[in-house]
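Everything below concerns the one structure shown next.
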Amino acid sequence: MAEDDESKKKSLAKLRDQHRKLDDEIARMTGGGAFNQLEVQRLKKRKLTLKDEIARLESEIWPDIIA
């Protein structure tokens, strides 16, 4: 069980890193003058997908316990 959690935590760290890099990429693309709106939309969609994956993994690692 602990091994599985460690694996999930490593995956979570990778997903967070990818999410942060996409955020930086979007900011860089939109920060200066004209940009490809379609490409920015694709990046934002990928970023949302990563956010959903992050939330799913977090809930698997640290489930909400109602006491």
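Quick note: numbers below take in every heavy atom, side chains included, and nothing from hydrogens, waters or symmetry partners.
Ion pairing of E6 with K10 is absent here, as no side-chain N (NZ or NE/NH1/NH2) approaches a carboxylate O to less than 4.0 Å.
Looking at residues two or more places apart in sequence or on another chain, you find a salt bridge (charged side-chain N to carboxylate O under 4.0 Å, His left out) between K21 and D17. For the side chain to side chain contact (heavy atoms under 4.5 Å, CB included) test, residues two or more places apart in sequence or in another chain that qualify with N36 are L38, E39. Partners of D23 under the salt bridge (charged side-chain N to carboxylate O under 4.0 Å, His left out) rule, at least two apart in sequence or in another chain, are K47. Looking at residues two or more places apart in sequence or on another chain, you find no side chain to side chain donor-acceptor pair (under 3.5 Å) involving Q41.
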Test log, rule side-chain contact (heavy atoms from CB on, under 4.5 Å), inputs E58 and R16: CA-CA 11 Å; E58 285 176 340; R16 285 180 176 159; 2.3 Å; yes
Residues Q18, R46; criterion side-chain contact (heavy atoms from CB on, under 4.5 Å); working and verdict: CA-CA 10 Å; Q18 290 175 4; R46 176 66 183 141; 3.7 Å; yes
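Side-chain contacts under 4.5 Å among hydrophobic residues (ILVMFWY), followed directly or transitively, place L48 with no other residue at all. Residue I54 is found in a hydrophobic cluster whose other members, listed by chain and number, are L12, L15, L22, I26, M29, F35, V40, L43, L50, L57, I61, W62; membership requires side-chain heavy atoms under 4.5 Å apart, directly or through intermediates.
The NZ atom of K8 lies 8.0 Å from the CZ atom of R56; values are rounded to the nearest 0.5 Å.
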